[in-house]
Amino acid sequence: MAGLLPGVLVAVLLAAAAAPASAKDYTVGDSSGWTTGVDYTAWARGKTFNIGDTLLFQYTSAGHSVVEVSEADHTSCSAANPLRSYKDGTTIVTLTRSGTRYFICGSTGHCGAGMKLTVTVASLSGSATGGTRLAKPSSSDADPTTTTTTRTSSATGGATGSWAPRTATWLLFFAAVGALL
């Protein structure tokens, strides 16, 4: 069992180093929120989304929803096969893996009117930017400012914001310590 200790400790340290030390909270659509008439292509352009970042969708639950869909359903504006669906009015999506994520509004006609978002999450070793594909271009002049909050954490526990991305690391650590006792 003692021979296992160095390997477990190295694995825990690598997992902790791989987890994001700084993350951003993005409010989708900034002050306009998740609604029709917003150019989500312009909103996402130039942003780098990373693992650990969060997307905050703020909307009226009576008229809108957030539906995470496949690329094909995003292109066709179909909410028939959702990966995840939210209707609470305030939805927080944590970006937990690299790759592309697709979101639409499930209300009839809203996706076709531009209420769709594509977010590309950077891998740990690279970077990516977000963007959207709109079915119909928007002529509105979107505000170029971005509402973001940066969350940082330190080894002394001075974390603010969500601690969820680090939960697995701590569970692994305590499991390793428990196995040694």
> Tell me if a side-chain donor or acceptor on Lys116 pairs with a main-chain N or O of His74 at a distance below 3.5 Å.
yes

> Parallel under 30°, tilted from 30 to 60°, perpendicular over 60°: which one fits the rings of Tyr40 and Trp34?
tilted

> Whether the side chain of Asp39 engages the backbone of Thr41 through a donor-acceptor N/O pair (distance < 3.5 Å, no angle test) should be reported.
yes

> Aromatic rings Trp43 and Tyr26: how do their planes relate, parallel, tilted or perpendicular, breaks at 30° and 60°?
perpendicular

> Given side chains that start at C-beta, do those of Asp25 and Leu56 come closer than 4.5 Å, heavy atoms only?
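No - every pair of side-chain heavy atoms lies 4.5 Å or more apart.
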
> Would you check, one step at a time, whether the test side chain to side chain contact (heavy atoms under 4.5 Å, CB included) holds for Thr36 with His64?
CA-CA 9 Å; Thr36 55; His64 300 297; 4.2 Å; yes

> Closest heavy-atom contact between Ser107 and Gly63?
OG-O, 2.8 Å

> Ala122 and Ser98: which non-hydrogen atoms are nearest, and at how many Å?
O-CB, 3.5 Å

> Once side-chain hydrogen bond (donor to acceptor under 3.5 Å, both in side chains) is applied, do any residues pair with Thr91, and if so which ones, sequence neighbours excluded?
Tyr59, Asp88

> Determine the sole option in Asp53, Leu55, Asn50 for which the side chain to side chain contact (heavy atoms under 4.5 Å, CB included) test with Lys24 is passed.
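Single pass found, and it is Asp53.
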
> Output yes when a side-chain donor or acceptor of Thr60 lies under 3.5 Å from a complementary backbone atom of Ala62, and no otherwise.
no

> Run the side chain to side chain contact (heavy atoms under 4.5 Å, CB included) test against Ser61 and tell me which residues pass, sequence neighbours left out.
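Per chain and number, Ser61 pairs via side chain to side chain contact (heavy atoms under 4.5 Å, CB included) with no residue.
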
> Looking at residues at least two apart in the chain, or sitting in another chain, which of them share a side chain to side chain contact (heavy atoms under 4.5 Å, CB included) with Glu68?
Leu83, Arg84, Arg97, Arg101, Phe103

> Determine yes or no for a side-chain-to-main-chain donor-acceptor pair under 3.5 angstrom, with Ser32 supplying the side chain and Val38 the backbone.
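Absent.
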
